[in-house]
Amino acid sequence: MLTNKIPRIPDSEITPENLYMDRRRFIQLASGLSVATAVSGIAEATSSRFDTNEKQTPYKDVTSYNNFYEFGIDKSDPARTAKNLKTQPWTISVEGLVKRPQVYALEDLLKGLTIEDRIYRMRCVEGWSMVIPWQGFQFGELIRRLEPTSQAKFVEFQTPLAPDQFPEQRRRVLDWPYVEGLRLDEAMNPLTILAVGLYGKPLPNQNGAPVRLVTPWKYGFKGIKSIAKIRFVDRQPVTAWMKQAPNEYGFYANVNPAVDHPRWSQATERRIGEFFKRKTLPFNGYADHVASMYACMDLRKDF
Ligand SMILES: Nc1nc2c(c(=O)[nH]1)N[C@H]1C(S)=C(S)[C@@H](COP(=O)(O)O)O[C@H]1N2
Ligand SMILES: [Mo]
């Protein structure tokens with residue numbers, strides 16, 4: 001119905017960006033529908049109250065400048081070396097203080113959840129940033145279904161430990177597997193999504209296929225990729241980066257221009273594709289949505 005009103009673009013000029021703009025979607029994963037089909041499904045245009053309207057980082061940069069240490073430490077490594085990661089079938093083990101612990105097939109776990117567009121600013125602790133249009137669902141929606149018990153205070157995530165799939169796990173770059181965590185209220189915050197797509201296409205492996213965490217007010221390393229385990233716990237998890245360098249990477253990892261990384265400043269950032277640096281905003285510009293969760297905390301101490 002839309003198609004004949006849109007001027008024809010030669011196939012050679014159709015980029016993922018064009019495709020994405022033509023069909024923003026808002027759909028529910030029906031039974032039997034794969035994540036890939038859902039993400040590329042067409043439905044009515046919607047935009048989220050959380051979207052930024054800043055210029056989006058080109059698809060090519062989003063998918064070729066990556067951190068995914070299981071596939072190498074250079075930004076260009078994952079796009080080359082993550083190709084062989086087998087993401088289908090995929091299971092997620094839900095464990096711990098929860099009413100429905102079980103190993104779920106990804107499609108079963110996501111069935112009926114609403115996938116929506118979220119255009120978020122993303123800020124890496126290394127000082128660069130991007131604007132990425134994600135497709136994902138509110139993690140809180142899934143948590144409510146899984147029914148954590150009243151003792152659950154934190155959520156721990158893990159990427160698989162599988163050196164045959166993740167070549168750099170043969171070396172001790174980090175103490176594998178990659179582990180991340182959120183406090184339960186952070187996990188339930190409407191900004192927190194589990195992403196299954198970007199630019200209207202299923203997540204490329206280098207961006208964390210088939211499902212990864214996105215918390216735009218925190219530094220990028222919180223956004224654990226290729227999630228295979230979600231565990232509800234009563235104690236603050238020890239994340240892979242806290243193990244690696246506890247004085248450099250705290251549990252909270254909120255974007256905070258006032259707290260320097262011990263080896264460099266966090267006051268400014270360089271948006272990929274831009275020349276001039278810009279000022280980094282507290283909570284990456286999402287303070288209205290998240291600052292109240294930290295009202296009683298000293299974020300210099302709990303960095
Ligand atoms: N499993 C896993 N997840 C990870 C990482 C990693 O090395 N392994 N790197 C993190 C870091 S430091 C950043 S900045 C983001 C980068 O996500 P992107 O490549 O999709 O932009 O992924 C995060 N998630
Ligand atoms: Mo990062």
Side-chain angles (χ1 to χ4, degrees), residues 16 56-82 85 87 90 92 118-136 156-163 165-169 171-182 192-199 201-230 237 239-245 248-250 253-256 261 263-264 266 269-273 280 284:
Q56 292 163 28
T57 305
Y59 182 81
K60 195 173 169 302
D61 295 331
V62 175
T63 57
S64 63
Y65 190 86
N66 300 103
N67 271 340
F68 199 164
Y69 277 23
E70 286 88 334
F71 292 108
I73 58 169
D74 287 342
K75 304 280 174 270
S76 58
D77 285 340
R80 281 185 298 107
T81 62
L85 175 65
T87 59
W90 190 267
I92 294 190
R118 293 291 181 94
I119 307 171
Y120 281 161
R121 287 183 293 275
M122 306 297 294
R123 168 67 155 82
C124 177
V125 75
E126 293 163 66
W128 46 270
S129 63
M130 298 192 188
V131 173
I132 303 182
W134 300 105
Q135 284 73 46
E156 181 186 303
F157 305 86
Q158 288 188 25
T159 301
L161 183 62
Q165 293 275 314
F166 300 98
E168 287 299 300
Q169 287 183 345
R171 302 195 293 158
R172 225 188 126 94
V173 187
L174 284 172
D175 187 0
W176 308 112
Y178 199 95
V179 173
E180 259 306 337
L182 293 172
T192 303
I193 60 167
L194 293 186
V196 292
L198 60 83
Y199 270 112
K201 293 156 67 104
L203 277 186
N205 290 350
Q206 61 268 33
N207 294 90
V211 60
R212 60 89 60 82
L213 178 66
V214 177
T215 49
W217 73 97
K218 291 176 180 281
Y219 291 117
F221 64 86
K222 272 276 148 187
I224 181 169
K225 296 178 170 181
S226 306
I227 297 168
K229 195 177 285 192
I230 298 177
T239 71
W241 287 106
M242 290 164 75
K243 266 196 217 167
Q244 183 78 3
E248 297 186 12
Y249 307 107
N254 289 319
V255 174
N256 191 345
H261 184 282
R263 290 182 280 143
W264 58 80
Q266 293 292 11
E269 66 195 62
R270 198 176 67 81
R271 189 64 54 84
I272 295 297
T280 290
N284 204 24

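Atoms within a ligand are numbered from 1 in the order they appear, just like the ligands themselves. Note that the structure is a prediction, hence the values are computed from the model and not measured. All residue numbers in this chain count up from 1 along the given sequence.
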Is W241 in polar range of ligand 1, meaning some N or O pair under 3.5 Å apart? no

Would you say Y65 and ligand 1 have an N/O pair spaced under 3.5 Å apart? no

Against ligand 1, does R212 come closer than 4.0 Å with any heavy atom? yes

Enumerated ligand 1 atoms positioned under 4.0 Å from heavy atoms of F68: 1 (N), 2 (C), 6 (C), 7 (O), 8 (N)

Determine whether the aromatic ring centres of residues Y178 and Y69 are separated by less than 6.0 angstrom. no

Please determine whether any non-hydrogen atom of G208 lies less than 4.0 Å from an atom of ligand 1. no

Flag the pair T159 / E70 as yes when at least one side-chain heavy-atom distance between them is below 4.5 Å, and no otherwise. yes

Would you check if the distance from the ring center of W128 to the ring center of Y65 is below 6.0 Å? yes

Under 4.0 Å from one or more heavy atoms of I224, ligand 1 contributes atoms 3 (N), 24 (N)

Nitrogen or oxygen of N66 less than 3.5 angstrom from that of ligand 1: yes

All ring pair (Phe, Tyr, Trp, His ring centres under 6.0 Å) counterparts of Y249, not counting sequence neighbours: F221, W241, H261

So for ligand 1, is E70 a polar contact partner (N or O within less than 3.5 Å, distance only)? yes

Check whether any side-chain heavy atom of M122 lies under 4.5 Å from a side-chain heavy atom of V214, and answer yes or no. yes

for atom 14 (S) of ligand 1, nearest protein heavy atom and its distance come out as C124 SG, 3.6 Å

Closest to atom 3 (N) of ligand 1 among protein heavy atoms sits K225 N, 3.1 Å

With the side chain counted from C-beta on, respond yes when L85 and F166 share a heavy-atom pair under 4.5 Å apart, and no when they do not. yes

Between P216 and R121, is there a side-chain heavy-atom distance shorter than 4.5 Å? no

Protein heavy-atom partner closest to atom 7 (O) of ligand 1 - residue, atom, separation in Å: Y69 N, 2.7 Å

Check whether any side-chain heavy atom of L182 lies under 4.5 Å from a side-chain heavy atom of L213, and answer yes or no. yes

Geometric N/O contact V62 with ligand 1, under 3.5 angstrom: no

Could you tell me, atom by atom, which parts of ligand 1 come under 4.0 Å of a heavy atom of T159? 1 (N)

Polar contacts were defined as any N/O atom of the residue lying under 3.5 Å from an N/O atom of the ligand; does this apply to W134 and ligand 1? no

side-chain hydrogen bond (donor to acceptor under 3.5 Å, both in side chains) partner of S129, the single match among R271, R123, R270: R271

Please state which part of F221 comes within less than 4.0 Å of ligand 1, counting heavy atoms only: side chain, backbone, both or neither. both

According to salt bridge (charged side-chain N to carboxylate O under 4.0 Å, His left out), who are the partners of E180, at least two apart in sequence or on a separate chain? K222

Around atom 9 (N) of ligand 1, find the nearest protein heavy atom and jot down its residue, atom name and distance. N67 O, 3.3 Å

